[in-house]
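First up is the structure itself, then whatever we jot down about it.
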Amino acid sequence: FQIKDLFKTKGTVKYVDYVEGDKTAYVRVAEEEDGKNILDAIEKSELTWTINDNKTEKINVELLKGEEEKQYWVKIFNESNNSNNNKRRNSNNNRNGRGGRG
């Protein structure tokens with residue numbers, strides 16, 4: 001069962017930032033109203049998460065605002081830059097400044 005599938009019943013989910021085993025996931029939605037609908041459904045216990053041993057757990061969520069939201073976007077920006085730098089570095093390996101095959 002995917003996090004995106006769970007939340008999309010209440011709003012348009014654009015992206016889920018989650019690593020299996022982590023206790024935190026970041027869910028980006030299309031519109032502010034989607035986020036409010038998801039939060040409302042969780043508060044009313046309409047959305048729960050069932051883990052592998054069929055134990056149902058309540059989902060704890062919070063809306064990122066202000067400084068917390070800013071820190072999240074900085075994290076995303078830094079991860080994106082690191083990923084792009086690694087791709088560039090790896091694409092130049094063993095070429096000695098020349099192009100690829102040929």
Side-chain angles (χ1 to χ4, degrees):
F1 196 171
Q2 299 280 330
I3 293 171
K4 188 173 187 174
D5 294 333
L6 177 68
F7 290 144
K8 76 179 182 183
T9 62
K10 300 297 178 185
T12 303
V13 175
K14 298 296 270 183
Y15 183 78
V16 176
D17 183 3
Y18 174 71
V19 176
E20 192 168 338
D22 281 358
K23 294 188 182 237
T24 301
Y26 296 94
V27 179
R28 282 189 250 155
V29 293
E31 302 291 333
E32 184 176 349
E33 191 65 28
D34 295 323
K36 289 178 182 177
N37 290 341
I38 290 170
L39 288 172
D40 187 48
I42 291 170
E43 287 173 6
K44 292 178 180 176
S45 296
E46 294 174 5
L47 294 176
T48 56
W49 183 261
T50 303
I51 54 179
N52 291 339
D53 58 3
N54 294 323
K55 184 170 55 172
T56 300
E57 294 186 4
K58 186 170 180 349
I59 300 168
N60 297 314
V61 297
E62 60 184 85
L63 186 61
L64 296 182
K65 293 182 181 179
E67 190 61 32
E68 286 182 320
E69 183 179 14
K70 182 180 174 183
Q71 288 175 359
Y72 172 74
W73 283 110
V74 167
K75 171 186 170 282
I76 295 302
F77 178 76
N78 289 337
E79 287 175 357
S80 176
N81 277 346
N82 288 340
S83 176
N84 289 337
N85 288 339
N86 288 339
K87 286 178 187 174
R88 272 189 239 120
R89 206 172 309 133
N90 290 336
S91 69
N92 291 328
N93 286 347
N94 298 323
R95 289 193 193 168
N96 297 324
R98 295 186 299 263
R101 300 174 83 183

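The figures that follow rest on heavy atoms only: side chains count, while hydrogens, waters and symmetry mates do not.
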Quiz item: What distance separates Asn82 CG from Phe77 CZ, expressed to the nearest 0.5 Å?
Solution: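 One gets 10.0 Å once the value is rounded to the nearest 0.5 Å.
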Quiz item: Could you give the distance from CD (Glu67) to CD (Glu69), rounded to the nearest 0.5 Å?
Solution: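 Reported value, rounded in 0.5 Å steps: 10.5 Å.
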Quiz item: Does some side-chain heavy atom of Tyr26 sit less than 4.5 Å from a side-chain heavy atom of Ile76?
Solution: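 A side-chain contact under 4.5 Å is absent here.
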Shared hydrophobic cluster, [X] / [Y] (ILVMFWY, side-chain heavy atoms < 4.5 Å):
{"X": "Val27", "Y": "Leu63", "result": "yes"}
{"X": "Tyr15", "Y": "Leu39", "result": "no"}
{"X": "Leu64", "Y": "Trp73", "result": "yes"}

Exercise: identify the closest heavy-atom pair between [X] and [Y]:
{"X": "Ile38", "Y": "Gly11", "result": "CG1-N, 4.4 Å"}
{"X": "Val13", "Y": "Lys4", "result": "O-CE, 3.4 Å"}
{"X": "Thr9", "Y": "Leu6", "result": "OG1-O, 3.1 Å"}

Quiz item: Taking only residues at least two apart or on different chains, which pairs with a member in residues 29-38 satisfy salt bridge (charged side-chain N to carboxylate O under 4.0 Å, His left out)?
Solution: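 Matches after skipping sequence neighbours: Glu32-Lys36.
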Practice problem: Verify the neighbour count for atom NZ of Lys75: are there more than 12 heavy atoms of other residues, nucleotides or ligands below 6.0 Å? | Solution: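 Enclosed.
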Self-check item: Counterpart residues, salt bridge (Lys or Arg N to Asp or Glu O under 4.0 Å), relative to Lys8 (two or more places apart)
Solution: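 Partners of Lys8 under the salt bridge (Lys or Arg N to Asp or Glu O under 4.0 Å) test: Asp5.
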